[in-house]
Structures are given as structure tokens and as C-alpha cells.
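This report refers to the structure that appears directly beneath it.
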Amino acid sequence: MDRIDSKANLIYELVEKFLNNKAILLIDDEEEIKQLMSNYLIKSRIEEDRIVTASDGKEALSKIQNQDFGLIIVDIVMPRMSGLQLIKELKARKKYKDIPILIISGTIDADNVKSAISMGISNIIVKPFTYNIFLDKIGRTLGV
């Protein structure tokens with residue numbers, strides 16, 4: 001078994017252990033990035049029906065209110081409601097404040113990083129990213 005297969009198996013096991021059959025929410029205004037992340041998760045044996053997507057923070061908020069998520073992966077820069085605004089909303093609500101969140105972004109500036117860290121987010125993926133990096137960051141976000 002090569003290194004990627006073993007990482008995929010590890011991510012699958014982590015998702016099964018920590019997410020308790022909850023879904024994963026992928027939020028990005030770029031369709032290609034959402035599709036790439038979905039494909040990476042499917043490649044890691046995550047069932048397609050456990051992968052939910054949204055195009056901005058407002059759409060994500062409505063989906064979060066109607067379904068339980070065990071992991072949220074969110075872009076920082078999006079229309080209508082940014083990733084940081086969404087995270088601030090979630091952290092202010094007791095029901096959602098403990099959901100693990102992973103940030104992705106094409107541009108990382110010091111202010112965004114500082115804001116993310118102040119909200120308890122320590123894992124950030126910079127676009128473009130590889131399958132390996134994506135799996136590593138999910139593992140770290142879930143505490144491994």
C-alpha cells in the first residue's frame with residue numbers, strides 16, 4: 001500500500017470515528033474547488049451523500065441549520081458572507097461552536113490569519129493544494 005492509500009484509509013477512519021455519520025460541508029464560491037474537494041473525499045472512501053456543498057456563507061448557514069455536520073471546510077473570500085463572517089456566526093452559537101473547521105483560501109494575508117487564529121482555527125490550506133495536503137489538513141483539523 002502506498003503512502004496516499006494509507007493516508008486515505010486514515011482519513012476514512014478518522015471521519016468514521018469523529019464525525020459519527022455526520023456530513024462534511026464544503027463551502028467555496030468556485031465550483032472547480034468544491035468539485036476537487038468532493039473528489040478527494042470520495043477518493044478517500046467518504047460516501048458521496050455525506051458531502052454537502054455551499055457557494056457562500058449565507059447558503060452554508062441555512063444548510064447548517066437543517067443538517068448536522070462533523071467537519072466544515074470553508075473558503076475565506078466569498079460573496080454575500082465571507083468564510084470569516086460565517087465562522088464568527090458559528091462560534092457565537094452554542095450548538096455549532098465545536099464543529100471542526102478547516103479554512104482554504106487563494107490569498108492568505110496576515111489579518112485573515114490573525115482573525116482565524118483568534119476564532120480558534122489553526123489549519124489553513126492555501127490554493128492550489130494537492131490531495132496529500134488536503135488529507136493532512138483534515139487529519140490535523142480532526143485532532144490527529
Side-chain angles (χ1 to χ4, degrees), residues 4 6-144:
I4 289 179
S6 62
K7 278 194 183 208
N9 285 331
L10 175 63
I11 293 305
Y12 174 76
E13 290 169 14
L14 286 171
V15 167
E16 290 305 305
K17 180 178 179 180
F18 292 107
L19 272 55
N20 296 321
N21 292 319
K22 294 178 184 172
I24 298 171
L25 180 58
L26 308 175
I27 313 156
D28 199 300
D29 57 323
E30 295 179 60
E31 279 303 314
E32 310 81 43
I33 298 297
K34 285 188 292 197
Q35 190 60 53
L36 178 68
M37 291 188 295
S38 292
N39 290 341
Y40 284 170
L41 290 169
I42 291 166
K43 185 177 177 179
S44 299
R45 300 184 0 230
I46 306 303
E47 298 88 12
E48 201 167 341
D49 63 348
R50 289 179 63 191
I51 301 168
V52 177
T53 63
S55 296
D56 60 51
K58 286 201 181 288
E59 182 183 353
L61 263 183
S62 68
K63 290 186 178 195
I64 289 166
Q65 292 171 357
N66 297 317
Q67 187 172 358
D68 288 332
F69 292 96
L71 175 64
I72 296 173
I73 302 175
V74 59
D75 187 18
I76 291 178
V77 179
M78 295 181 293
R80 297 195 320 151
M81 179 187 274
S82 74
L84 292 175
Q85 290 170 313
L86 173 65
I87 294 166
K88 189 175 182 179
E89 285 277 328
L90 295 176
K91 295 297 183 181
R93 301 176 187 192
K94 187 175 183 178
K95 180 177 179 181
Y96 309 119
K97 71 180 182 74
D98 294 325
I99 299 173
I101 299 173
L102 173 59
I103 290 178
I104 59 170
S105 185
T107 58
I108 297 290
D109 68 28
D111 289 338
N112 285 343
V113 171
K114 226 188 251 188
S115 293
I117 290 170
S118 73
M119 290 185 269
I121 309 300
S122 58
N123 290 296
I124 299 172
I125 297 176
V126 179
K127 299 176 192 174
F129 52 88
T130 65
Y131 177 65
N132 227 9
I133 289 170
F134 186 70
L135 295 184
D136 280 342
K137 293 293 184 169
I138 288 175
R140 290 176 192 206
T141 302
L142 295 176
V144 175

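These numbers come from a predicted model, not from an experiment.
- The CD atom of Gln35 lies 12.0 Å from the CG atom of Asp28; values are rounded to the nearest 0.5 Å.
- Contact annotation: the side chain of Ile99 never approaches that of Leu71 to less than 4.5 Å [non-hydrogen atoms, C-beta and beyond].
- In this structure, the side chains of Ile72 and Pro100 stay at 4.5 Å or more apart for every pair of heavy atoms.
- Minimum interatomic distance between Glu31 and Ser55 (heavy atoms only, all atoms of both residues): OE2-OG, 4.0 Å.
- Across all non-hydrogen atoms, the minimal contact from Ser115 to Ser118 is O-OG, 2.7 Å.
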- Evaluate the side-chain contact (heavy atoms from CB on, under 4.5 Å) criterion for residues Val74 and Leu102: first the C-alpha distance (whole Å), next the side-chain angles of each, then the deciding distance (0.1 Å), finally the verdict. CA-CA 6 Å; Val74 59; Leu102 173 59; over 6 Å; no

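- Side-chain contact between Met81 and Glu89: present, with at least one pair of heavy atoms (C-beta onward) separated by less than 4.5 Å.
- Here Leu84 contributes atom CG and Met78 contributes atom CE; the two are 9.0 Å apart, rounded to the nearest 0.5 Å.
- The minimum heavy-atom distance between Leu142 and Gly70, with the atom names listed, is CD2-O, 4.5 Å.
- Scanning both residues, Asp56 and Pro79, for their nearest heavy atoms gives CB-O, 3.2 Å.
- Between Leu135 atom CG and Ser44 atom OG the span is 4.0 Å, to the nearest 0.5 Å.
- When all heavy atoms of Lys58 and Arg80 are compared, the pair lying nearest together is CB-NH2, 3.5 Å.
- Taking the six-membered ring where the residue is Trp, Phe129 and Tyr40 present perpendicular rings, their angle passing 60° and hence far from 30°.
- Taking a 6.0 Å sphere around NZ of Lys137, one finds it holds more than 12 heavy atoms contributed by other residues, nucleotides or ligands.
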- Message: Pair Ile101, Thr141 - check side-chain contact (heavy atoms from CB on, under 4.5 Å), show working.
- Response: CA-CA 7 Å; Ile101 299 173; Thr141 302; 5.8 Å; no

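- Annotation: Gln65, atom CD; neighbour count of heavy atoms from other residues, nucleotides and ligands within 6.0 Å is above 12.
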- Query: Passes side-chain contact (heavy atoms from CB on, under 4.5 Å), Lys88 versus Gln85? Steps please.
  - Reply: CA-CA 5 Å; Lys88 189 175 182 179; Gln85 290 170 313; 5.6 Å; no

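- In this structure the side chain of Ile138 reaches within 4.5 angstrom of the side chain of Ile73, judged on heavy atoms.
- Atom CD1 in Ile24 sits 4.5 Å away from atom CG in Leu41 (nearest 0.5 Å).
- Between Leu90 atom CG and Leu86 atom CG the span is 4.5 Å, to the nearest 0.5 Å.
- Side chain of Arg140 to main chain of Asn123: no donor-acceptor pair is present (N/O by atom type, distance under 3.5 Å, no hydrogens or angles).
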- Message: Please determine whether side-chain contact (heavy atoms from CB on, under 4.5 Å) holds for the pair Ile51 and Ile46, giving the CA-CA distance in whole Å, both sets of side-chain angles, and the decisive distance to 0.1 Å.
- Response: CA-CA 8 Å; Ile51 301 168; Ile46 306 303; 4.2 Å; yes

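- The minimum heavy-atom distance between Leu26 and Lys34, with the atom names listed, is CD1-O, 4.0 Å.
- Interatomic distance, Glu32 CD to Lys127 NZ, rounded to the nearest 0.5 Å: 9.5 Å.
- Judged purely by atom type and a 3.5 angstrom limit, Gln67 has no side-chain atom pairing as donor or acceptor with the backbone of Ile64.
- No donor-acceptor contact under 3.5 angstrom links the side chains of Thr53 and Lys63, judged on distance only.
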